[in-house]
Visitor: 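To start, I am sharing the structure in question, which I have written as structure tokens.
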Amino acid sequence: MDNHSSSCSFNYRMISMIDEKFWQEQWDKESIFISRKSNKEKFLITVPWPYTSGPLHVGHGRTYTIADFIARYRRLKGYNVLFPMGFHESGTPIEAISDKIRKGDPKTLDLYRKYISEYESDEKIEEILESFKQPQNVADFFADKIVKDFKALGYSIDWTRTFRSVDERYKKMVEWQFRKLDTMGYLKKGSHAVLFSMEEKNAVGEDDIEDGDTNKVSIEEFTAVLFKGKDFYLAASSLRPETIYAITNIWINPDSKYSLIDMDGKRVVMSEDACERFLYQNESAQKIRDLDNAEILQGEYELPLFNRKVKVFPNNKIDPEHTTGIVYSVPGHSVKDYVYLKDAGINIENIRMIQIKDETTSVEKYLEKYADLDEANQTLYRDEYYSGIIDENIPLIGGKTVRESRDIIKQILIEQGRAFIFLETSRKARTRNGSRVIVSVLRDQWFIDYSNPEWKRETARHVNNMKFVPDFYRKNMLDIVDWIAERACARRRGLGTKLPMDREWVIESLSDSTIYPAFYTVSPFIPEDTELNDATFDYIFTENYDGKVMEKFQKAKEEFEYWYGVDQRITSSPHMSNHLIFYIMNHIALFNEKYWPEGITIAGTVISNGTKISKSKGNAVSLLDVVRKYGADMFRMYVAVNSDISSSLDWNERDISIIRGKYEEILNILETSLSQKEYGESVSQELFQARFMKHMVNFNEKMEKLSIRDAYVEIIYEVLNDLSELKNMGGSPEMAVRKIAGDWLKALSCVIPHTAEHFWKLYGFEGLVSNSKLGHYELNSEEKGLIEQWEYCKGIMADIRSIEKVTHIDGKEVEIVLADHIIREDTEKIIKNNFNVKRKEIIQAVKKMQNKITMGIDERKALERYAGVIEKLMNMQIDYREYREGDKKLPLPGRPVINLKGERNGNN
RNA sequence: GCGGAGGUUGCCGAGUCAGGUCAAAGGCGACAGACUCAAGAUCUGUUUCCGCAGGGGUUCGCCGGUUCGAAUCCGGCCCUCCGCACCA
């Protein structure tokens, strides 16, 4: 991987001379990141805590690194900054890992051997692996390693406030949270549909399903319509209940078995397989017996709503494993039914009831148009759903759209007891263990009811006042507020806090992590063994207590009130519709408005060599590897400069070496400037300093807006460019750097803190740069003039080059003729459309060149100042004078006449 | 499908909210030159087309519209990426 090592040995020495560990120890020793209440303005910044099931990769590093830039910048600006972190250990995956290790699953064992080996010597691996049979050991092991990794990255985290989501005192707070939600009526119990495995007797998530990440499985709602026969009802399911009027017959599969079940006193028939699955959706249903298919086929069945009877035909295309295994046939509006009937030689007249653009849809046309039967069927379905209108003469729904009618008919059928909902997976799916995935409706599922309108209104109002970076996520968040409904908040297994009102349930791992940043503020003031109850938390977090001071928690209360709410939370877009919405809404429900979250910054995803990072691809680059190989500052600089917060960051070798080049440049110039003792005054040095001042102004502005990349392009690339320009102008970059080193190192310290500390000390500044303060920067008019005039001169140089190129003259001498005061006055008038001027001949020229004329620059002064520099850079003699009457060409303000003298270049 | 973001000159990526100063920042790559025995590194210049005087032509997904004037505003179309409920 390291193909530069041979050619850059000198620079390697440069990088390795920064002893990152040493500086981390200095920070520790001086406790500069431990933050306590003070009289300074506070700034609380957080990042969602990591889940401790394994080592972190570069993707995790990005958000924390960005947060650290901001934390360090705020400190420079004089804020009392708190940047805490903790560890998320609740949920099912860690338990599942232990489970697999206990069972000796070879894949898991290999993976965790590899993970452990990244941190521990070989002889210890098996022992640690053995300890992983206990879930808590897995979590603790990796939490411990993450601390080490993060320290190695130089994060300015206050480690005194760290806690884990499974700590007893934290659990007490979660209990407090849930009892509060309960008293507010936000906690509900109800039934809930989930994907489920009968064999594993468990709800299954995307990760549990084979190809679940690439080919999603969702739950679809079918309407099972009851057709009344002599002894029982047939349950025929459909996505299109509005077509019930056009039914001609019912299909069952002759090769499959059917069963009779009891549903609230009704005798209902569905396939044997459906029957087994349905019992997971409806607890009260009971199987009565199996049926002989002849029993079903012989009778006639009455449609609900319309007085009509239809027959049942066998059709082996009907899938008994899909919904009820009974389907009704609508040949007028289903290509498949039309074909089935035709193939079976059954002659039934089509009933048609839907029009698109005043024309009754024709199954035959779709059949002709699409070669594939499925495609024809689906297209017809879609066309009718989006643009279909029901015929005027149809009862109940005539003239209405298909979309409206579907809900109306479904509603009526269910009310009349002639239909029920049958839930089905959107595709056939199996778990990774190979068992079948079905839909189950869980009873007594606990929910947080985010649909409460009052709660939503408050949330929307607050979201409008929050700061989102980038701002478009605000709109996104408002949509989510609108969309969010009940969310299941408890599970049967996993680590975490037991639901206080029902100890059978464990609070789901996203729901237990919504207000935890509040706990950072109090964590050091609540010892592990303290007795905690709801009154304690009411006292610390709210105004809602009996007024008596609780001595023991007084300090915690003060710290909470000082620090809370979160000023800035850095996260990534997948968190929008789950963690972030919970985070915002739970704060709004539980805390006083002044403690609600303020700022949210959403970082783009991290990709590796142009492709998405995923464990299965094996392209996850571990954070530890990166630090070991490149050092913290290199990685941090990469994160800062390689792409903007909002766009994705691609971690790849090529860009790494490019960034490294820049980093080495910084090291080099800082190193070589060290020996400079004096500072020579010259135009170019002055210009450099003025420009540096401008960069500092821009840097501050951009950091305030959290445009981190732009800020560092300014303070790294622009400054380095200026230095090389300075060198060309004959100035000394070393002297210049010596002069600006203090300010530059402060600005750089947010991104490359170790490097900045190293040179801060060598340059003889007091204390630590991480502890220094950044002043206010502003350009004075002299500095502005220096910069503007130089830009003007650069324009002239570009013009000279352009002329040289076109004429093939190798310029030796240049005469620059400037506009005199008469021209300037005339031009000013003409721009204002006042044509009463002294030299009429310039009117046309001014009009034509209007957008290239600049009035504000003192051209004479610019040339006085920079003529020498231009002469050096262009290697030609520069003369300048004002316009004289009789000159062939007329200069305009900002557009002097350039007379180039030299030899014609022979080649062309 | 629903919701969100986006399509810019060889590539990455600013600019679009507040239309003109935008042939369009910055980085990378490429080319030429300087340095060197040579390569790398570094530095200088060029990098849409035309031009023997700093100028002109044609460009910002596609098609239309508004305007004296559009990369920027409006409408339609095509394409890409992200999120979509028990997964952390």
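So that the names make sense, note that chain A is the first sequence line, chain B the second, and so on, each numbered from 1. If you're wondering where the values come from, they're calculated on a predicted model, not measured in any experiment.
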Visitor: Tell me the interatomic distance from A:Ile581, atom CD1, to B:rC84, atom C1', rounded to whole angstroms.
Guide: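 So the CD1-C1' distance, A:Ile581 to B:rC84, works out to 14 Å.
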Visitor: Among B:rG54, B:rC28, B:rC86, which nucleotide sits nearest the side chain of A:Ile803?
Guide: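 So the nucleotide nearest the side chain must be B:rG54.
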Visitor: For the pair made of CG in A:Asp799 and P in B:rG55, what is the distance, rounded to whole Å?
Guide: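 These atoms are roughly 7 Å apart.
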Visitor: Provide the Watson-Crick or G-U wobble partner of B:rG83, both distances under 3.5 Å; none if there is no partner.
Guide: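 Here B:rG83 is engaged in a pair, and the nucleotide opposite it is B:rC2.
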Visitor: Between B:rG51 and B:rG45, how far is it from one P atom to the other, in whole Å?
Guide: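 Approximately 24 Å lies between the P atom of B:rG51 and that of B:rG45.
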Visitor: In terms of side-chain heavy atoms of A:Asn476, which of B:rA85, B:rG4, B:rG54 is nearest?
Guide: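 The nucleotide sitting nearest to the side chain is B:rG4.
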Visitor: Would you say A:Ser577 reaches B:rG83's phosphate, i.e. side-chain N/O to OP1/OP2 under 4.0 Å?
Guide: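 A:Ser577 to B:rG83 OP1/OP2: no side-chain N or O under 4.0 Å.
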Visitor: Now, which nucleotide makes the Watson-Crick or G-U wobble pair with B:rC28, with each of the two distances under 3.5 Å?
Guide: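 Checking every strand shown, B:rC28 finds its partner in B:rG10, with both distances under 3.5 Å.
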Visitor: Which of the following nucleotides, B:rC86, B:rU44, B:rA88, is nearest to the side chain of A:Ser724?
Guide: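 When the side chain of A:Ser724 is considered, B:rU44 is the closest of B:rC86, B:rU44, B:rA88.
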Visitor: Any side-chain heavy atom of A:Tyr792 sitting closer than 4.5 Å to one from A:Glu859?
Guide: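 Yes, close enough: below the 4.5 Å cut-off.
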Visitor: For the pair made of CG in A:Asn721 and C1' in B:rG27, what is the distance, rounded to whole Å?
Guide: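 That distance rounds to 10 Å.
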Visitor: Quick check on B:rC87: is either OP1 or OP2 less than 4.0 Å from any side-chain nitrogen or oxygen of A:Arg491?
Guide: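 Answer is yes, contact under 4.0 Å.
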Visitor: Does A:Asn668 make a side-chain N or O approach to OP1 or OP2 of B:rU42 shorter than 4.0 Å?
Guide: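 It does not, given that no N or O in the side chain of A:Asn668 lies less than 4.0 Å from OP1 or OP2 of B:rU42.
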Visitor: Tell me the partner of B:rC68, counting only Watson-Crick (N1-N3 plus N6-O4 or O6-N4) or G-U wobble (N1-O2 and O6-N3) with both under 3.5 Å; none if nothing fits.
Guide: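 Partner of B:rC68: B:rG20.
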Visitor: Any idea which of B:rA53, B:rG54, B:rG27 is nearest the A:Ile898 side chain?
Guide: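 So the nucleotide nearest the side chain must be B:rG54.
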Visitor: Of all the nucleotides listed (B:rG26, B:rA5, B:rA88), which has the minimum atom distance to the side chain of A:Arg709?
Guide: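 Out of B:rG26, B:rA5, B:rA88, the nucleotide with an atom closest to A:Arg709's side chain is B:rG26.
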Visitor: Partner of B:rA34 by Watson-Crick or G-U wobble geometry, both contacts under 3.5 Å, or none?
Guide: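 With both distances under 3.5 Å, B:rA34 matches B:rU42.
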